[in-house]
There are 2 protein chains.
Amino acid sequence: MDMNERKVKILEAIIRDYIQTGDPVGSRTISKKYGLGISSATIRNEMADLEELGFIMQPHTSAGRIPSDKGYRLYVDNLMERRNIHPDMERIIAEMIKQKISRIDMLVEETARLISMLTNYATIASSMPITQVKIKHLQLVPIDEKSVACVIVTDTNIVKNHVIRTPKELDFNLCMILTNILNESLKGTTLNEISLDKIRLSIEEKMKEYSDIASSVLDAIDDTLRTEDVPDIFVRGANNILDFEAFSNKEKTREILQLFEEKLHLVKLLDHDPKHRTTIRIGAENIFSPMKDCSIITTSYTIGDYTLGNIGIIGPTRMDYGQVVSVLEYVTTHITNMLNEYNDS
Amino acid sequence: MDMNERKVKILEAIIRDYIQTGDPVGSRTISKKYGLGISSATIRNEMADLEELGFIMQPHTSAGRIPSDKGYRLYVDNLMERRNIHPDMERIIAEMIKQKISRIDMLVEETARLISMLTNYATIASSMPITQVKIKHLQLVPIDEKSVACVIVTDTNIVKNHVIRTPKELDFNLCMILTNILNESLKGTTLNEISLDKIRLSIEEKMKEYSDIASSVLDAIDDTLRTEDVPDIFVRGANNILDFEAFSNKEKTREILQLFEEKLHLVKLLDHDPKHRTTIRIGAENIFSPMKDCSIITTSYTIGDYTLGNIGIIGPTRMDYGQVVSVLEYVTTHITNMLNEYNDS
DNA sequence: GTTAGCACTCATGAGCGATGAGTGCTAACA
DNA sequence: TGTTAGCACTCATCGCTCATGAGTGCTAAC
């Protein structure tokens, strides 16, 4: 038994109706609401086939059908349509971006908040994994006898700092000397490359007399990479999960709230292949069990060639994919444009 | 009608029992479980008085009594006893602090997580309101033709940075000159004082030829104060609120989850008079309506004389105050000690 | 291949009564 | 005058039954 055009039409009707109402969809509903020109009995036969094929399922005997993950997948890949953004929404979005464009840290947060407000779903946002950006400038700033701050400016103009405990005192002048040496070697490399032995050796050579300090500094940057730099990642509009049927159960709700506090897990949730505009992971396609009745739609925004951050919207598997993808793409497009404009101005 | 010793004893029994069981407490329970040597009938009479005095109330006619906010207040102020910390708990706490002591940013987060784990309540934690610390060192680091990073090291050894758009290009040397001038004037002042006109004038005088830049810098610091510097504040163990009776209702849960995403509100929740070891706000004593069936116990931890951050535990009004206060004080005492030790070492 | 008809399933929700915890009040007691 | 036993009363809770209705699968006729 294979799919045919009529089966697809029926599947689409089931999914659209279920997304809209949240109730299992019966054969009668489809035959009346969606003008397919066939009777409910025929639709029942087709639905039995669709169920056998794994696209829909029945919560219990006397209920209608609901789409399975596989059903949604087919819908998302082949049937879903983008929507127009309502002019009111456009205005709200433009307004927010204009207000926050100069503060990247707040922009990310505000964007997350905005998107969750516009969609009534939970939103995760992150600033970029800093490991992928290049060092533009590095500066050591003395703090006290035992510590210096290592300030790193990236070529995306993000500034990061990290306090280093030093083996011996570094006064202001010494800091300057080291700063110069380090800059020579590190300018233009990505934070990732710093852990490579090649670079380490070449620096330690140049800094012979300060080699212990040089390696402290490199260690500190390493450390920054590995730990601190899941830098800004957070959830906004978490309360919206309370409206998902999947979380009518307290224990399920607890699990997802716990997930929302695990930065490393959030990073994985936001994982997004930049080759595609948006990535959609449906239900069990997510690796985390509390997400198995949710879908997440992720995308990223950029400055120039760099991914600045990712954004993901978490809704129930029966979320309005078309609407959400449209909002998400609209918002990120505009942020990307404004960021590039702002950076060129 | 006045309070007397017996009434207090009965009130205490009611509160202890209610904290323990969560069920409204009847006269019979008290006469049997708590050896007060009087009959349930007598206790009933006293309970009627206690209700009239506002210390307890009845959820419905045929139910026992539960403490009111006023009842808890009396309990907390006069009756509550500290508890000993279980050796297992002590070990867990010591372990965590040892691991994270070198990373203040992570320490705060881990502490919040730990406390919520130990108490099964939600925990808010913040690093300090940076406005109260003094500037130890300030450094301008060039980013590109249009911007410099202003890196501020505080005397608590926290490093903050803020990107400033400059009216004209500042090269490395110019940055150094400005850095020196600014340091002369600002070293030792609190971030708060920078907004004072007196300081602004004195600096602008010294920097005549760069006065426009000086004021940009001061503006940026101002900005840092006002916006960015609700720097790190977050909630851990939010899922625990699902166990509070107050949040069995979905709308109430939604409200508190929303509150948890509002940094400015969280700051107010954590508000804590450093003159006292811990502050307890019970039920309606909290200004936010979603908190009216919750209590929050707040305290702070310090380096030297400075408040480094606040921590607050949110539980239901019927939380085990004695236990929670003990855990909180134990943890913060240890962190404070370790921080001071670490800083002196 | 399509459709009408029919028996069957089962979640949902309303209604009802039994149960029991707890009260306030009264009258007797010390 | 304070304490206690006794009793009638209240009311939330829980389990039970039953009616309702949405939706199905199957069969037989078109």
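Below, chains carry the letters A, B, ... as their sequence lines are ordered, and counting in each starts from 1.
- Across the helix from dG1(C)-dC30(D) to dA30(C)-dT1(D), the helix axis at one end is tilted relative to the axis at the other end by 20° (nearest 10 degrees, each axis from five pairs).
- Rounded to an integer number of Å, the gap from CE of Met57(B) to C1' of dG22(C) is 17 Å.
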Checklist entry - Which letter, B, S or -, goes with each nucleotide of nucleotides 2-14 of chain D from 5' to 3', with contact meaning a protein heavy atom under 4.0 Å? => result -SBBB---BBS--

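- Counting non-hydrogen atoms of other residues, nucleotides and ligands closer than 6.0 Å to NZ of Lys70(A) gives a total above 12.
- In this structure, NZ of Lys7(A) is placed 14 Å from C1' of dT2(C), rounded to the nearest angstrom.
- The separation between Asn4(A) atom CG and dG1(C) atom P is 11 Å, rounded to whole Å.
- Residue Glu5(B) places its CD atom among 12 or fewer non-hydrogen atoms of other residues, nucleotides or ligands, all under 6.0 Å distant.
- Side-chain contact between Lys252(B) and Glu245(B) is absent, with no heavy-atom pair separated by less than 4.5 Å.
- Aromatic ring pairs are classed by plane angle as parallel below 30°, tilted from 30° to 60° and perpendicular above 60°; the pair His265(A) and Phe288(A) is tilted.
- What separates CG of Asp49(B) from C1' of dG24(C) is a distance of 13 Å, to the nearest Å.
- In this structure, the NZ atom of Lys33(A) is 14 Å from the P atom of dA22(D), given to the nearest Å.
- The phosphate of dG24(C) has OP1 or OP2 within less than 4.0 Å of a side-chain N or O from Arg65(B).
- In this structure, Asp23(A) places its CG atom 16 Å from P of dG21(D), rounding to the nearest Å.
- Atom OH of Tyr18(B) is separated from atom C1' of dG22(C) by 16 Å (rounded to the nearest Å).
- One interatomic measurement links the two molecules: CD1 of Ile30(A) to C1' of dA22(D), which rounds to 14 Å at whole-angstrom precision.
- Note on ring orientation: taking the six-membered ring where Trp is involved, the planes of Tyr72(B) and Tyr321(B) are tilted (angle from 30° to 60°).
- With Ile10(B) as the partner, the side chain to side chain contact (heavy atoms under 4.5 Å, CB included) test is satisfied by one option alone out of Ile15(B), Leu50(B), Asp49(B), Ile56(B): Leu50(B).
- In this structure, Lys7(A) places its NZ atom where more than 12 heavy-atom neighbours from other residues, nucleotides or ligands lie under 6.0 Å away.
- Arg65(B) and Tyr18(B) share no side-chain donor-acceptor pair at under 3.5 Å.
- Counting heavy atoms from C-beta on, the side chains of Leu74(B) and Leu79(B) come closer than 4.5 Å.
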